[in-house]
Amino acid sequence: AARGAYLLDKLQQVTARFAPDQMNARGRGLMVAVEMLREDCSAATTEAENLVARCRAQGLLLLNCGPESNVVRMTPPLVVTREQIDETVDIFAAALDAVFS
């Protein structure tokens with residue numbers, strides 16, 4: 001529960017740079033997700049797919065989900081460390097900046 005709260009807090013800090021209706025980080029425990037929308041509030045499906053591909057190239061495996069595949073899901077193992085969470089969020093943030101800049 002503590003690691004999940006830490007991960008969610010870090011993701012919310014990263015997504016706070018976007019409009020509240022454009023990025024939404026949510027989750028319970030270590031199963032968290034970030035819903036991605038464009039500025040016009042349409043599903044950012046292509047952007048989510050690009051983000052997952054960029055993260056994969058850096059060794060971070062994520063999943064697309066949701067009816068429009070615009071939600072990116074993270075499900076790290078229960079033994080994940082804070083340092084691993086920090087590395088995960090750093091990779092995610094860099095990919096997010098690249099895709100949405």
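We're numbering straight along the sequence, starting at 1.
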Please list, chain by chain and in numerical order, all residues satisfying ring pair (Phe, Tyr, Trp, His ring centres under 6.0 Å) with Phe18, sequence neighbours excluded.
Phe100

Are [Y] and [X] connected in a single hydrophobic cluster, I mean Ile/Leu/Val/Met/Phe/Trp/Tyr linked by side-chain heavy atoms less than 4.5 Å apart?
{"X": "Val71", "Y": "Val99", "answer": "no"}
{"X": "Leu78", "Y": "Leu62", "answer": "yes"}
{"X": "Val79", "Y": "Leu8", "answer": "no"}

Could you list the residues that satisfy side chain to side chain contact (heavy atoms under 4.5 Å, CB included) with Ala53, not counting sequence neighbours?
Arg56

For Gln84, check side chain to side chain contact (heavy atoms under 4.5 Å, CB included) against everything at least two apart and list the hits.
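Gln84 satisfies side chain to side chain contact (heavy atoms under 4.5 Å, CB included) with Val80, Thr81 once adjacent residues are dropped.
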
Residue pair Ala48 / Ser69: nearest heavy atoms and the distance that separates them
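It is CB-O, 3.6 Å.
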
When every non-hydrogen atom of Arg54 is compared with those of Ala95, the smallest separation belongs to CB-CB, 3.9 Å

Heavy-atom check, side chain of [X] versus side chain of [Y], under 4.5 Å:
{"X": "Met23", "Y": "Leu96", "result": "yes"}
{"X": "Val52", "Y": "Val72", "result": "yes"}
{"X": "Leu7", "Y": "Pro76", "result": "yes"}

Could you please spell out the steps behind the side chain to side chain contact (heavy atoms under 4.5 Å, CB included) verdict for Leu60 and Glu87?
CA-CA 9 Å; Leu60 176 61; Glu87 181 180 1; over 6 Å; no

Return the set of residues passing salt bridge (Lys or Arg N to Asp or Glu O under 4.0 Å) with Asp86 (not counting sequence neighbours), or none when no residue passes.
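Here the qualifying residues are Lys10.
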
For Asp97, what residues pass the salt bridge (Lys or Arg N to Asp or Glu O under 4.0 Å) criterion, not counting sequence neighbours?
Arg17

Let me see the working for Asn64 and Leu51 under side chain to side chain contact (heavy atoms under 4.5 Å, CB included), right down to the final yes or no.
CA-CA 10 Å; Asn64 289 78; Leu51 184 126; over 6 Å; no

Pairs under 3.5 angstrom only: tabulate donor-acceptor contacts from the side chains of residues 28-47 to other protein residues two or more places apart or in another chain.
from	atom 1	to	atom 2	distance (Å)
Glu35	OE1	Arg26	NH1	3.3
Arg38	NE	Glu47	OE1	3.4
Arg38	NE	Glu47	OE2	2.9
Arg38	NH1	Ser42	OG	3.3
Arg38	NH1	Ala43	O	2.8
Arg38	NH2	Glu47	OE1	3.1
Asp40	OD1	Ser42	N	3.0
Asp40	OD1	Ser42	OG	2.7
Thr45	OG1	Glu68	O	2.5

